[in-house]
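One structure below.
Computed over heavy atoms, backbone and side chain alike; hydrogens, waters and symmetry mates excluded. Only a predicted model underlies this, so the values are computations on that prediction, with no experimental measurement involved.
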Amino acid sequence: MNGGDDAVVAPEEPLQPLEWKFSQVFGERAAGEEVQEVDIISAIEFDKSGDHLATGDRGGRVVLFERTDSKDHGSRKDLESTDYSNSRHPEFRYKTEFQSHEPEFDYLKSLEIEEKINKIKWCQTANGAVFLLSTNDKTIKFWKVQEKKVKKVSDMNIDPSKANGNGSIASSSNSCILKPHLANGGSSDKTYSYQSNDFSFPPGGLPSLRLPSVASHETSLLARCRRVYAHAHDYHINSISNNSDGETFISADDLRINLWNLEISNQSFNIVDVKPANMEDLTEVITSAEFHPTHCNTLAYSSSKGSIRLVDLRQSALCDSHAKLFEEQEAPGSRSFFTEIIASISDIKFAREGRYILSRDYMSLKLWDINMDSGPVSTFRVHEYLRPKLCDLYENDSIFDKFECCLSGDGSRVSTGSYSNLFRVFGCAPGSTEATTLEASKNPMRRQVPTPSRPSRSIGNSITRVVRRGAENTGVDANGNSFDFTTKLLHLAWHPSENSIACAAANSLYMYYA
């Protein structure tokens, strides 16, 4: 099976687990350095080409990075035609950053609106400019980032030393210019009028005009806010998603999903509303929403009860009734106080071809086939060792952490984050047993323990810890170190066409390739 095959096609032999390597880190902090709250990354997104990457942070800033190694070797088509190996070290460089959102205060509700970027989505590029949507809890903004040539006034275009009669004549010609002029270019003093016959040229002619010239020097990137989509959500925005038609997008909060046109910022259409007449009857909220990658009339949204609803915009203007419902029936006798909390879906993503939906709840990743609503086709246990600790996690609110998920471009692998700055990569192709644990550090790979029944010993003073692949059943790693629930890897993104992952550990952006 090659990388472009669909995941449903049975391969001749299972895919081999990928060997992940460290690529780059941006914003690496020194040992013991304290992380500022405003610098913590809160959103990551690749564009469709994979040549640009955007991050948002809690300080309301958006930082853009661009791919450099692909530029050095021509286009992707050229590389393929010359049989160029695409296993090079992927490299990104800092491009620019801008302040997307500022802290605000809602005086009507006495509510402070923080500047934290919740989501970023890339839009279609045009004329060399890139466009993207960014949102905080209440306001969505449409940004255009474009290279502008910096024009500066340079030296005079004539060397003053070579000008003829540069003394009194130049001053007399300047005096002509400074005389008061009337409308239409007339002059109040006939002596200095060009139409006057009294004007005489000095010997040797007038000196050369010494006009400044404007020259374009280096280019700079300018970010400009084109539109602001505000005052449409009573609750915090948790998702934005572009439509494949390139003209519309959705924004979702706890109870409503709105449909916008990119060109119209003062009007949106409410397409999903789950708010009951009496708020005491509220049993579930919307947690995430995303458009289908190719069908502009289809979108999916998840709920806090662990269900995913597929909506067809052609059915009705208000899509309260879903076209399909995806949920997993709980096993009899397995219900507990935490069942509903850990069933809440924090993120959903469509696979590129649109047939599969990946969802992340607190304990697991689930892969759903939109043609089969009886249950997920695959379930991946992310951190099963936490199940005995749910009471502690509830006490310190960690049980409400919202982890994101992502799929590889070919749909053969999925990934999500965990605690201790760990993230997992699972193979979802038929027959695959890949379940890799990596750490957001310069030493990402965790080797499989040869004998799982026996605790592994650390070699020397190596800081690289070892974790068993697949199901985990302990609360400590192989070196006996307890997991750190304060360091969590919530945000990550998979490159759309390569095995490359970008993930955020506090204020640091780590990138890996395989």
Side-chain angles (χ1 to χ4, degrees), residues 20 22-29 35-47 50 52-65 92 97 100-101 114-122 132-137 236-241 252 287-290 302 344-350 358-362 365 382-383 397-398 400-408 413-426 437-441 444 484-496 500-512:
W20 291 92
F22 170 78
S23 173
Q24 284 173 286
V25 58
F26 295 95
E28 185 182 22
R29 61 184 187 275
V35 179
Q36 299 297 318
E37 180 80 11
V38 293
D39 294 332
I40 295 176
I41 297 172
S42 56
I44 300 179
E45 190 78 12
F46 279 105
D47 72 343
H52 291 89
L53 175 68
T55 66
D57 63 27
R58 294 189 184 180
R61 296 181 298 262
V62 172
V63 183
L64 303 185
F65 302 88
F92 280 77
E97 69 179 85
S100 174
H101 288 72
E114 61 179 353
E115 66 272 36
K116 185 188 94 166
I117 305 296
N118 289 345
K119 294 289 178 182
I120 297 173
K121 292 293 178 182
W122 291 89
L132 46 87
L133 290 165
S134 63
T135 184
N136 65 351
D137 286 338
H236 290 179
I237 298 171
N238 55 48
S239 304
I240 51 175
S241 179
T287 57
S288 182
E290 180 159 333
S302 59
S344 177
I345 295 174
S346 56
D347 190 27
I348 59 170
K349 291 284 196 311
F350 272 100
L358 180 68
S359 68
R360 169 70 203 261
D361 57 43
Y362 188 68
L365 278 172
V382 178
H383 39 215
D397 285 344
S398 294
F400 301 107
D401 287 334
K402 300 184 184 305
F403 292 93
E404 292 180 2
C405 58
C406 58
L407 298 97
S408 62
R413 292 177 177 88
V414 296
S415 182
T416 190
S418 182
Y419 293 99
S420 297
N421 284 341
L422 302 179
F423 62 101
R424 311 290 310 275
V425 177
F426 299 96
T437 303
L438 303 107
E439 182 185 29
S441 70
D484 182 3
F485 300 120
T486 61
T487 55
K488 53 196 100 171
L489 200 148
L490 302 176
H491 312 285
L492 76 171
W494 200 303
H495 191 282
S500 177
I501 292 178
C503 57
N507 66 326
S508 303
L509 176 67
Y510 286 92
M511 307 194 73
Y512 303 95

Exercise. Please name the residue in the list Val62, Asn136, Asn118 that meets the side chain to side chain contact (heavy atoms under 4.5 Å, CB included) test with His101.
Key: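 Looking at Val62, Asn136, Asn118, the match for His101 under the side chain to side chain contact (heavy atoms under 4.5 Å, CB included) is Asn136.
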
Self-check item: Near-ring test Tyr512/Phe423, centroid separation under 6.0 angstrom
Solution: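 Yes - the distance between ring centres of Phe423 and Tyr512 falls below the 6.0 Å cut-off.
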
Quiz item: Are Tyr362 and His383 close enough that their ring centers fall under 6.0 Å?
Solution: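 Close enough - the centres of the two rings lie under 6.0 Å apart.
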
Quiz item: Parallel, tilted or perpendicular: which describes the rings of Phe92 and His495, with under 30° parallel and over 60° perpendicular?
Solution: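 Perpendicular.
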
Self-check item: Audit row: Val382, Phe403, side-chain contact (heavy atoms from CB on, under 4.5 Å) steps and yes/no
Solution: CA-CA 11 Å; Val382 178; Phe403 292 93; over 6 Å; no

With the side chain counted from C-beta on, respond yes when [X] and [Y] share a heavy-atom pair under 4.5 Å apart, and no when they do not.
| X | Y | value |
| --- | --- | --- |
| Asn507 | Arg29 | yes |
| Phe485 | Asp401 | no |
| Glu439 | Leu489 | no |
| Phe46 | Trp494 | no |
| Val425 | Ile501 | yes |
| Leu509 | Phe65 | yes |
| Glu45 | Leu132 | no |
| Pro444 | Tyr510 | no |

Practice problem: Under the side-chain contact (heavy atoms from CB on, under 4.5 Å) rule, what do Glu404 and Arg360 come out as? Steps first, then yes or no, please. | Solution: CA-CA 7 Å; Glu404 292 180 2; Arg360 169 70 203 261; over 6 Å; no

Without swapping roles, check the side chain of [X] against the backbone of [Y] for a donor-acceptor pair under 3.5 Å.
| X | Y | answer |
| --- | --- | --- |
| Lys349 | Leu407 | no |
| Ser42 | Ile117 | yes |
| Ser239 | Ala252 | no |
| Ser288 | Ser346 | no |
| Asn421 | Ala440 | no |

Quiz prompt | Closest heavy-atom pair and its distance - Ala502, Met511 | solution =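 The answer is CB-CE, 4.1 Å.
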
Quiz item: Any idea which heavy atoms bring Thr55 and Ile120 closest together, and the distance?
Solution: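 Heavy atoms only, the tightest pair is C-CD1, 3.5 Å.
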
Quiz item: Can you list the steps and then say if Asp137 with Ile237 is a side-chain contact (heavy atoms from CB on, under 4.5 Å)?
Solution: CA-CA 5 Å; Asp137 286 338; Ile237 298 171; 5.9 Å; no

Which distance, rounded to the nearest 0.5 Å, do you find between the [atom1] of [X] and the [atom2] of [Y]?
| X | Y | atom1 | atom2 | result |
| --- | --- | --- | --- | --- |
| Arg58 | Glu37 | CZ | CD | 4.5 Å |
| Arg424 | Ser415 | CZ | OG | 9.5 Å |
| Ser359 | Leu365 | OG | CG | 7.5 Å |
| Cys503 | Leu490 | SG | CG | 11.5 Å |
| Ile348 | Cys405 | CD1 | SG | 8.5 Å |
| His491 | Asp347 | NE2 | CG | 10.0 Å |

